[in-house]
Structure formats: C-alpha cells, structure tokens
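For reference, the structure is listed below as structure tokens.
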Amino acid sequence: MDGVHRVGAGRVHRRRPARGVPRGERTRPGVRSARHGAPRPRPARDLRHLRSREGRLLSGPALPPRFDARSLEARWQAEWDRGAAFRAPARPEGRTYSLVLPPPNVTGVLTMGHMLGDTVMDVLVRHYRMVGRSTLWVPGLDHAGLATQVEVRRRLAKQGIRFEELPRERAVQEIEAWRAEHATRIEEQTRAGGFSVDWSRFRYTKDERSARATREVFVRMYGEGLIYRGERMVNWDPRLRTAISDLEVKHFEETTELLYVRYPWADGTPGGLEVATVRPETIFGDVAVAVHPDDTRHHSAVGRTVRVPMTERSVPVIADAGIDPAFGAGALKITPRHDLVDYEIFQRHPELSMPPDIFDDGACLTGPWVPAPFQGLDVEAARERATEELERSGLLLRREPYRHTVARSERSDAAVEPRISKQWFVRMRGLADRVAAGVRAGEIRIHPERWDATFFRWLEEIQDWCISRQIVWGHPIPVDRCRRCGQDVVALEPPTRCPSCGSTELDADPDVLDTWFTSWLWPFAALGWPEPTEDFSRYYPTNVLVTGRDIMFFWVARMMMSGYHFTGQPPFADVYFTGMLRDESGRRMSKHLGNSPDPLDVIRAHGADTVRFSLVFPNPTDEDGPFGPGPLENARNFLTKVWNLARFTLPYVAPGTPPPSVAPVLDATSARENRWILSRYRRTAEEVTEAIRSFAPTRAATALHAFVRHDLADRYVEIAKDALLGRRGEPAQRDARTTLLFVFERTLKLLHPFVPHLTEELWHALPHDGDLLALAPWPATDEAPADPEVEVEMETILEAIRWLRNLRAEEGVPAESIPPAWIRPSGPEVARVLRAEQGMIERMARVHPLDLLEEGKPQPPGVGSRVAPLGECYVARPTAVPSETESLAREREKLAQLLEKARARLSDEGFVRRAPPEVVREAETKAEELTERIRRIDEHLKADASSSAGP
RNA sequence: GGACCGGUAGUCUAGCGGUGAGGAUGCCGCGCUUACAACGCGGAGGUCGGCGGUUCGAAUCCGCCCCGGUCCA
C-alpha cells in the first residue's frame with residue numbers, strides 16, 4: 001500500500017455546484033498514507049520522529065513527516081481534470097475573466113521562461129476563479145513558420161537531406177512530423193506545471209479555423225487597401241532564400257575592412273574620385289558616385305563622369321545632401337538595388353535608372369553587369385576577388401580595419417542582403433496610430449509602466465510590414481495571378497477564372513505568410529473569430545496578456561492593432577511583461593543559448609509547486625532574475641514549513657469540527673495572541689489580494705511568506721502552544737483552536753494560486769467546505785477584524801522577548817537553564833502590556849520569574865543588563881562572568897551618536913522652522929528617549945565600576 | 001550613433017523626500033523546546049555606483065560621470 005493515495009473516491013463531483021446552491025454534505029479528511037522521505041542521516045532525529053508519529057496516531061489521521069511532491073501533484077492534477085475544474089462555462093453567468101496562453105512555438109520544447117509566464121498567469125487565473133469569475137484560459141500552439149522550417153531543415157541536413165530539394169508536399173510532411181513530436185512534449189510540460197488552462201479549448205495557429213481567420217483578414221485588408229504588393233527594399237536572407245521582416249534582423253558590431261578605391265575619370269584625365277566602401281563586390285551594381293553639395297573638395301567633380309572599376313561602364317558624379325562628408329573621402333558609390341541609403345538617394349535622382357540585379361536568391365553574383373570571372377561567386381569570394389583585382393589594377397588606394405554594424409538574420413545567422421524585391425506588405429501607420437491612442441487613453445495598460453516609452457517609440461517609427469515569405473511552412477497567400485493579363489485575384493474562396501479577362505489559367509501565389517500574420521489574431525481567433533461563436537461573444541475582449549518583453553513588437557503591439565481593427569476593441573485590458581531568467585553564471589536563459597533546463601526535469605526533481613514558488617519569490621517576476629538551486633531550495637523550505645504547519649494544526653482539530661465558515665469572534669478577554677494573529681492575517685489577506693490584482697505576484701508571495709514564517713509559525717504557534725494543549729483552560733483552548741484553524745485554512749486559500757497542489761492536499765486534510773480548493777471561494781478581506789492596538793502591544797511584547805533572548809545569548813546563559821529576569825519599563829503603557837503578558841514573555845524568552853521593577857528601585861545584583869527602548873532588561877548571570885562594561889560602552893557610543901544627530905537637527909533653525917511640526921515633535925521625543933537611555937547606561941557603568949572595584 | 005531600464009551587506013531584493021535602511025539567502029555562535037535540523041534562537045556584515053546640486057532634511061528629486069543590461073538605427 002506504500003505510496004498509494006486514496007482521495008475520497010466519489011467525493012469529487014464532476015461539476016462545480018452552481019452558485020447559490022447549498023453545497024453537498026461536508027467531507028471528512030480521507031485517510032492517507034505516503035512514502036516517507038529518504039532515510040535521515042542522524043539517529044537522534046529518527047528517534048524524535050518515531051515518538052512524534054506515535055503521538056499523532058493517538059490523536060487522529062496523520063500527515064507523513066515529509067511530502068512526496070510527485071505523487072501528490074499527479075493526484076491533484078488528475079482530480080482537477082476529473083472535476084473539469086478549469087473548463088470555462090459555455091454560458092457564463094456574472095463577470096468573466098479570460099486570457100490566451102501565448103502559444104509556444106512548435107520549434108522546440110518549453111523553457112523555464114515559459115514556466116515563469118505560465119505561473120504568473122495561473123496566479124491571476126486561479127485568484128479570479130476563486131473570486132467567482134467564469135474564467136477561461138485558452139492554451140494553444142504556434143506553427144512558427146520560418147523558425148520551424150529552419151529546425152526541420154537542420155534535422156534533415158544531419159541525415160544528409162537538403163530541405164530545398166524536397167518536393168513541397170514531402171517537406172510539409174516532415175514538418176508535420178516534427179510538430180506532432182513537439183506538441184506532445186509541450187503539452188506534457190504545461191500539464192506538469194499544474195496550470196489551470198482549459199484543454200478543451202486548445203487551438204493551433206495552423207488548424208482549419210486559424211486558416212480561415214488568416215484568409216479572411218488578408219482578403220479584408222487587401223480590399224481596404226491596407227495590404228499591397230510592391231517592389232521595395234527588403235531584408236533578404238540568402239541562406240534561407242526568403243524575405244524577412246525588420247524585426248527578424250539583428251544587428252552586430254563587427255570589424256571588417258574599409259577599402260579606399262579610386263574611380264578614374266571617364267575622360268582619361270589622370271586621377272579620379274576616392275570612394276570608401278566595405279562592399280567592393282557590389283561595385284558592379286553602381287549607377288553613380290555621390291558627394292555632398294556643400295563639400296568644396298568635390299565641387300568640380302559634380303557633373304563629371306567616372307569609370308566603374310573592373311568594368312567598362314561610366315557613371316555620373318552627383319550631389320546629394322544625404323552624403324556624410326566625414327565618411328572616407330566624402331564620396332559614396334551608389335548601388336540602389338543593394339543598400340537602403342543608396343536606394344533613397346537613387347530615388348531623389350530621377351535621371352538615374354534602375355540597374356539589373358547583380359545577386360541571385362543565394363546572394364551569388366549574376367546578371368548582365370557582372371564580368372565573367374565574377375559570375376557565380378558568393379559574397380565572400382566575390383569580395384576577396386574584387387579586392388585582389390582592385391589591388392592588381394592599382395585602383396585600391398589603401399585599406400584599413402573598420403568597425404561597423406552588420407545585419408544578420410535572426411533565424412539563420414546569415415548576413416542579411418538588402419534587396420529590391422516584389423513582396424506583400426501591410427500598411428502600418430494607421431494601425432499603429434490607433435494603438436498609440438488606445439494605450440494613451442488607458443484602454444490598454446502596460447505593466448510595468450516603464451515600458452510605455454519603448455512601446456510608443458516603436459509605434460512612432462514603424463515601417464510597413466513585409467508579410468510574404470518564400471518558404472514552405474505557413475499559410476498560403478490567398479492570391480491567384482492570371483497568367484494571361486497578370487491580374488491579382490484576391491478572394492476568400494480560390495477563384496476559377498480571372499474576373500478581368502476571364503482566363504482560367506490562374507497561378508496561386510507560391511509564397512506563404514509570415515507566421516505573425518496569424519499570431520496577431522490570436523486573442524480573438526482562438527475564441528472562434530470570424531465565426532460569431534459563443535466564446536467570442538462572451539469571453540472577448542480578454543482581460544490580460546502575460547508574455548516576455550522580447551515579443552513586445554513582434555506580437556503584443558500587432559495584436560493590439562488587429563484587435564482594434566477587426567473587432568473594434570482592444571484585445572486585452574492589461575499587458576504584463578515578465579522578466580528574463582538568468583542561469584547561475586548570470587547569463588540570460590534562452591532557447592538560443594540552450595542553457596534553460598527542461599522544465600519537466602526540474603519539476604520531476606523538485607515538484608511543480610516548488611518550481612512555481614521559486615519563480616515568483618524572492619525575485620520580482622517583472623525583472624530579470626536568477627533561477628537555480630538557491631531560489632529552488634528557498635521555495636522548498638517554505639513549502640515544507642507550510643506542510644509542517646498543517647501537521648502541527650491537525651491534531652488540534654477534533655473530529656467533527658466544522659470548517660471555519662466565519663472568523664472567530666474574539667472579545668477583549670480572549671488571549672492577545674489570538675486577536676493579534678487575526679489582525680495580522682487580515683492585513684495579509686488585504687495585501688495579497690491587492691497585490692495580485694495590481695499585477696504584483698511577487699509582492700503577494702512576499703507578504704504570504706513573511707506572514708506564514710514569521711507571524712504564524714515563529715510567533716503565533718509558539719505562543720499559542722500552551723493554550724492549544726489546554727494548559728490555560730477550556731475557553732482559551734477553544735479560542736486558540738478555532739483561531740488557528742481559521743487562520744491556517746484561509747492562509748491555504750491565499751497560497752493556493754501560487755502552490756495549488758500542496759494547498760489542495762492540505763486543505764483536504766482539514767475540515768473544508770466544497771470539493772476542490774481550486775473552486776473554493778477566495779477569502780473576503782474584511783472577514784477578520786483589524787486591531788492595530790493589539791498589533792502595537794504585541795510589538796512591545798515581542799521586543800521584550802527579543803531583548804531578553806539576546807541578553808541570555810550574550811551573557812552565556814546555558815540553553816537549558818531558566819534564569820530570573822527583570823524589566824524596568826520605560827513608561828506606564830509599556831508596563832501595563834508587559835504585566836499583562838508576563839507569562840508569555842517568560843515562556844518565550846525562557847526566563848522565570850520575570851519581575852517588573854518600579855522606577856527608582858535598584859537593579860538586582862549579579863545580572864546582565866541592556867537598556868532597550870521599552871526599558872531596562874536584566875537577566876541573572878549564570879556565574880561570575882566577565883564585566884558587561886564593554887558591550888554597554890559600545891551601546892552607549894551608538895546611542896550617543898544618534899543623540900548627537902538628533903540634537904544637531906533640533907538646533908538647526910531651518911529644521912525647526914520649516915519641517916512639519918509632527919516631524920519636529922518626533923525628533924524631540926527621540927532625543928529625550930535617547931538622553932534617558934544614556935543616563936541609565938551611565939548609572940550601570942558607574943555601578944559596575946564600583947562593584948568590580950569591590951571584593 | 002540614439003534612446004530606455006537598472007546599480008542598496010558575498011548574492012538576490014524592499015524602500016522612492018523625515019526609519020537606528022527592512023527582508024531572504026549565505027556566513028558565525030548556541031541548540032532547551034514531541035509541527036518542522038528542509039528547523040529554532042541569537043549575532044556579525046552596508047561610505048544605498050561616483051561627483052556635484054536642490055532642500056531645514058536625499059538611498060529617495062535634478063545634473064554630469066562610471067558600470068551592467070536592453071531596445072532601436
């Protein structure tokens with residue numbers, strides 16, 4: 001039976017009970033067993049656990065000392081599935097909360113970065129689900145056209161197959177095979193994380209419905225004039241032989257050689273123009289040499305003609321203000337087909353005509369203008385050959401190393417060849433303006449806000465988007481071209497004859513669409529658009545989009561454009577950008593670097609909850625931060641703490657105890673710690689709720705972590721033990737038990753969005769109301785009373801405990817001994833509180849008896865002392881120990897410095913006159929308090945000196 | 001070349017005009033205590049990147065510089 005868990009078979013209902021309907025009979029915690037942890041190294045501990053386990057058996061069902069994350073998580077994931085807990089209702093009642101999971105690329109498997117985003121989304125979704133919203137989280141997958149084709153091409157190359165040589169159909173088959181493998185892995189990874197997506201709504205960007213949406217959008221935009229076909233300068237990837245968009249180009253600093261080449265005068269006069277270039281192989285495409293009109297060095301040259309080196313062609317020298325006179329010798333060769341700047345200059349000079357292309361699709365020299373010896377050479381070879389040739393002919397004046405930026409294709413790493421080419425484009429200006437206006441108006445909010453500026457700048461500088469790709473894998477461009485009259489036919493259904501000439505000879509456009517041309521429709525296409533589906537009408541617009549900053553422009557901005565344009569609404573109300581994870585050596589984790597571990601391995605090793613928590617705490621989810629053993633261990637320790645809190649709580653819950661439906665009602669006679677922990681709980685509930693709703697998951701997790709560890713475990717539980725065990729009478733025991741159960745149960749609810757599996761397990765071990773914690777109501781934040789007075793009082797008490805413990809440690813009081821102690825309170829209020837909780841202080845500080853000294857009474861003999869803000873503290877010394885003079889003197893010095901600072905401020909006229917009165921008063925009080933404490937230290941020092949001088 | 005973001009103990013962070021600059025982790029000391037050694041208690045550790053300025057008062061606001069990162073050309 002070892003390791004087998006039974007979770008109340010038949011207790012989990014298929015459906016969430018309709019709201020307002022009384023819930024079914026309360027369930028009792030099931031009996032469960034679990035594998036115990038690995039054998040522990042120290043025998044002493046084993047003994048203790050044996051004892052504790054015996055104790056548990058007497059008081060009811062026990063949780064094992066350690067939890068087995070793997071079996072526990074698998075079990076609850078199965079329960080959630082069985083209960084269809086995350087299936088969004090087709091006809092939601094009340095408010096909805098919806099979002100799409102950024103569909104991961106089928107290119108590979110998920111990285112830890114995906115886990116981060118998914119965790120943030122799940123925190124939001126689970127919270128809003130518990131709040132009672134009808135939630136829909138749509139999972140999906142992106143066909144990632146070019147990226148996937150590159151991966152498959154690489155895999156085939158390893159088998160010695162050239163992708164380009166495969167027939168189109170066969171190529172698509174290969175890619176489909178790849179997709180099938182990776183889709184499974186990606187789903188497995190997502191499931192392992194326990195993310196509450198609605199798998200029944202799963203979509204793929206290349207399924208039939210996405211194809212329809214894509215086609216619809218293209219046809220519509222073509223009709224509106226927002227899509228056009230044109231001959232323009234594009235980024236050409238010569239390795240993949242396709243155009244790519246501006247965003248798919250990355251710039252790198254590289255050092256190459258700058259050549260100074262003489263273009264001889266065409267009329268044979270000696271000399272010529274000195275032209276600097278890093279690309280001598282493009283000389284064959286030159287149509288002119290340009291200089292700046294104000295450049296006096298070249299005034300006489302303008303209008304003359306020079307011979308293009310290595311050719312017999314002559315070209316004019318022209319003047320253009322676009323030339324930088326400081327570059328090289330101030331003269332630039334103009335190659336309009338292969339450089340954007342040159343192209344722009346060319347367009348300003350109608351006297352020039354467009355030359356033929358000198359490169360083929362693979363960037364090898366070709367065409368009528370290229371001399372025979374250069375025909376067929378690739379860029380590298382041609383550059384080398386041209387340099388040699390120039391040198392040989394004496395036209396190479398000099399060469400020097402030159403640092404400049406080189407454009408490379410993101411996918412293939414090949415140097416991008418700017419090239420004039422006929423492609424399909426989307427007109428972006430109007431779309432971008434609508435988005436900018438929407439974001440400015442607050443229709444969409446970006447979190448963290450600091451990314452606004454980056455976002456707007458890009459929208460302002462936006463260029464038209466090249467959407468056609470000369471590859472296999474993608475949605476076909478829905479255009480047919482008439483072979484007879486050349487007319488483009490753009491229609492939803494493939495046409496049979498040309499509408500203008502009637503010809504039936506039509507050729508489908510061989511190109512496919514950029515993958516983002518489908519992805520940008522995701523928030524509504526994933527909900528069924530353009531069909532008027534129930535999901536679309538009820539769950540669109542979505543509430544939030546969570547993703548990495550790296551696709552802010554690729555995807556997020558474009559989704560906003562398409563959302564506004566096609567649905568008339570922003571696709572989501574909030575955008576949240578997560579940070580990037582860094583590995584142990586501080587490098588960013590990325591697919592590219594291959595330094596992200598497989599999430600599935602990490603989850604198997606540590607458990608999904610541990611991984612999730614380590615991703616949100618302590619490093620902010622919206623900033624780059626480390627992921628590795630440190631954060632993981634931290635999270636694991638915290639979860640163990642929660643587990644053990646449950647083990648502690650359970651024995652105090654008598655069989656038949658009802659679930660905590662309301663906060664315990666505690667009057668002023670109830671133990672102070674109970675009122676205190678309720679108040680602290682309330683503040684935590686408020687903070688957690690507020691933080692989640694303001695997209696600050698880390699702040700919420702931090703608040704929970706601090707509350708659980710410091711307030712609940714370290715303080716409340718320790719203080720309340722006596723009462724819980726019944727040593728303080730039955731009413732006190734009842735109060736403590738009710739309070740503990742309430743606070744712990746509610747804490748599990750607050751923790752659930754972060755660590756769903758563990759909390760689900762523990763919640764079921766306690767009295768609870770409902771079938772699944774995942775569907776339980778989120779705690780109302782005003783359920784428990786806030787009691788600021790008690791919080792202040794407890795602070796004083798905890799301070800006293802801390803000072804006494806500190807004294808014990810510093811005076812070398814043996815751990816097992818319980819010495820007498822004294823406090824001389826600094827005021828009546830402190831005295832009142834300390835007197836009221838003398839017993840608590842004694843137990844917690846391990847002193848006995850604790851007496852409060854009145855003002856003027858002498859300090860007891862043989863004690864160690866400290867002067868704390870709340871008063872003087874004394875603990876009997878174990879034996880004769882070294883004088884405390886030294887530490888007291890150190891303390892005095894510190895206080896004296898502070899006092900000096902305070903006095904300096906108070907004697908500053910500007911401060912007294914201009915600072916707000918309450919700040920001045922505060923400073924005065926502080927100075928008085930410090931003076932008093934120093935006076936008392938001085939008294940001690942005097943007494944000490946006289947006593948050590950004595951016998 | 002143009003911008004943007006960040007720089008707080010060994011590490012990660014909170015604070016964003018008035019605090020004795022919080023917390024986590026790591027480190028050191030002590031371990032009594034049947035929830036927990038994956039733990040408890042205590043401690044040490046900081047010129048808040050540097051220099052100027054504004055202010056009665058600056059980690060916090062402004063300017064310049066240095067370092068790290070990112071985006072755009």
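Chain letters run A, B, ... following the sequence lines, proteins first, then strands; residues in each count from 1. Keep in mind that the numbers below use all heavy atoms, side chains included, and drop hydrogens, waters and symmetry copies. Remember, predicted model here, so these are calculated numbers, not experimental data.
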- On a plain distance test, is the side chain of Arg636(A) in donor-acceptor contact with the base of A38(B) below 3.5 Å? yes
- Task: Nearest whole angstrom, please: distance from the P of G69(B) to the CG of Leu581(A).
- Result: 17 Å
- Message: Under 4.0 Å, counting only non-hydrogen atoms across every strand here, what does Leu639(A) touch: a base, just sugar-phosphate, or nothing?
- Response: nothing
- Task: Using a heavy-atom cut-off of under 4.0 Å over every strand shown, decide if Ser817(A) touches base, sugar-phosphate, or nothing.
- Result: nothing
- Of the listed G18(B), G20(B), A35(B), the closest approach to the Ala915(A) side chain comes from G18(B)
- Task: Using atom CD of Glu460(A) as one end and atom P of A73(B) as the other, report the distance to the nearest whole Å.
- Result: 14 Å
- Between G1(B) and His251(A), is there an OP1 or OP2 to side-chain N/O distance shorter than 4.0 Å? no
- Relative to the ring of Phe327(A), is the ring of Tyr402(A) parallel (under 30°), tilted (30 to 60°) or perpendicular (over 60°)? perpendicular
- Minimum side-chain heavy-atom gap His447(A)-Val575(A) below 4.5 Å: no
- Message: Using whole Å, what does the distance between atom C1' of nucleotide G17(B) and atom CZ of Phe911(A) come to?
- Response: 13 Å
- Note on the structure: To the nearest angstrom, the CD-P distance between Glu623(A) and G15(B) comes to 10 Å
- Item | A14(B) base / Arg699(A) side chain donor-acceptor hit below 3.5 Å | no
- Query: If the P atom of A24(B) is compared with that of A14(B), how far apart are they to the nearest Å?
  - Reply: 15 Å
- Message: When you measure from the side-chain N and O atoms of Asn644(A) to the phosphate of C39(B), is any distance below 4.0 Å, counting only OP1 and OP2?
- Response: no
- Is the phosphate of C41(B), meaning OP1 or OP2, less than 4.0 Å from a side-chain N or O of Asn806(A)? no
- Just wondering, are more than 12 heavy atoms of other shown residues or ligands nearer than 6.0 Å to CD in Glu909(A)? no
- If you draw a 6.0 Å radius around CZ in Arg70(A), do more than 12 non-hydrogen atoms from other residues or ligands fall strictly inside? no
- Query: Do Thr621(A) and Leu615(A) come within less than 4.5 Å of each other through their side chains, counting heavy atoms only?
  - Reply: no
- Would you call the rings of His705(A) and His710(A) parallel, tilted or perpendicular if under 30° counts as parallel and over 60° as perpendicular? perpendicular
- Message: If you only use heavy atoms from C-beta on, which nucleotide in C71(B), A24(B), A38(B) is closest to the side chain of Thr454(A)?
- Response: C71(B)
- Does Lys721(A) make a side-chain N or O approach to OP1 or OP2 of U34(B) shorter than 4.0 Å? no
- Message: If the cut-off is 4.0 Å, is Lys926(A) near the phosphate of G20(B), judged by side-chain N/O to OP1 or OP2?
- Response: yes
- Message: Tell me if the side-chain of Arg846(A) makes a donor-acceptor pair with the base of C32(B), cut-off 3.5 Å, by modelled atom types.
- Response: yes
- Item | Side-chain N or O of Arg66(A) closer than 4.0 Å to phosphate OP1/OP2 of A38(B) | yes
- Task: Select base, sugar-phosphate, or nothing to describe what Phe638(A) touches, counting heavy atoms under 4.0 Å on all strands.
- Result: nothing
- Note on the structure: Closest to the side chain of Pro620(A), out of G18(B), C4(B), U13(B), is U13(B)
- Query: Which of the following nucleotides, A35(B), G20(B), G42(B), is nearest to the side chain of Arg802(A)?
  - Reply: G42(B)
- Scan Arg905(A) against the nucleic acid and name what it touches under 4.0 Å (heavy atoms): base, sugar-phosphate only, or nothing. base
- Task: Mind calculating the distance between OH (Tyr402(A)) and P (G1(B)) to the nearest angstrom?
- Result: 11 Å
- Looking only at side-chain atoms of Phe648(A), point me to the closest of C39(B), A35(B), G18(B). A35(B)
- Kindly point out which of C30(B), G26(B), G20(B) is positioned nearest to the side chain of Leu898(A)? G20(B)
- Which nucleotide sits closest to the side chain of Ala815(A): G20(B), A3(B), G31(B)? G31(B)
- Query: Given that both distances must come in under 3.5 Å, which nucleotide forms a Watson-Crick or G-U wobble pair with C4(B)?
  - Reply: G69(B)
- Message: What's the separation between atom CG in Leu632(A) and atom OG in Ser614(A), rounded to the nearest 0.5 Å?
- Response: 4.0 Å
- Query: NA contact type, Ala713(A), heavy-atom cut-off 4.0 Å: base, sugar-phosphate, or nothing?
  - Reply: base
- Quickly work out the Glu816(A) CD to U33(B) C1' distance and round it to whole Å. 12 Å
- Selection from A24(B), C71(B), G43(B) that lies nearest to any side-chain heavy atom of Glu810(A): G43(B)
- Query: In Watson-Crick or G-U wobble terms, both distances under 3.5 Å, what is the partner of G40(B)?
  - Reply: C30(B)
- Query: From the list A73(B), C71(B), C39(B), which nucleotide is the closest neighbour of the side chain of Thr405(A)?
  - Reply: A73(B)
- Looking only at heavy atoms, which two atoms of Leu899(A) and Ala927(A) are closest? And how far apart? CD1-O, 3.5 Å
- Short side-chain N/O contact from Arg709(A) to OP1 or OP2 of C39(B), under 4.0 Å: yes
- Could you measure between the two C1' atoms, the one in A58(B) and the one in C48(B), and give it in whole Å? 11 Å
- Tell me: CG of Leu615(A) to C1' of U13(B), nearest whole Å? 16 Å
- Message: Any base atoms under 4.0 Å from Glu461(A), or only sugar-phosphate, or nothing? Heavy atoms, all strands.
- Response: sugar-phosphate
- Query: From the list C41(B), C71(B), A24(B), which nucleotide is the closest neighbour of the side chain of Asp714(A)?
  - Reply: C41(B)
- Message: Categorize Val717(A) for me: base, sugar-phosphate, or nothing, with a 4.0 angstrom heavy-atom threshold over every strand shown.
- Response: base
- Task: In whole angstrom, give the distance that lies between atom CG of Leu807(A) and atom P of C41(B).
- Result: 18 Å
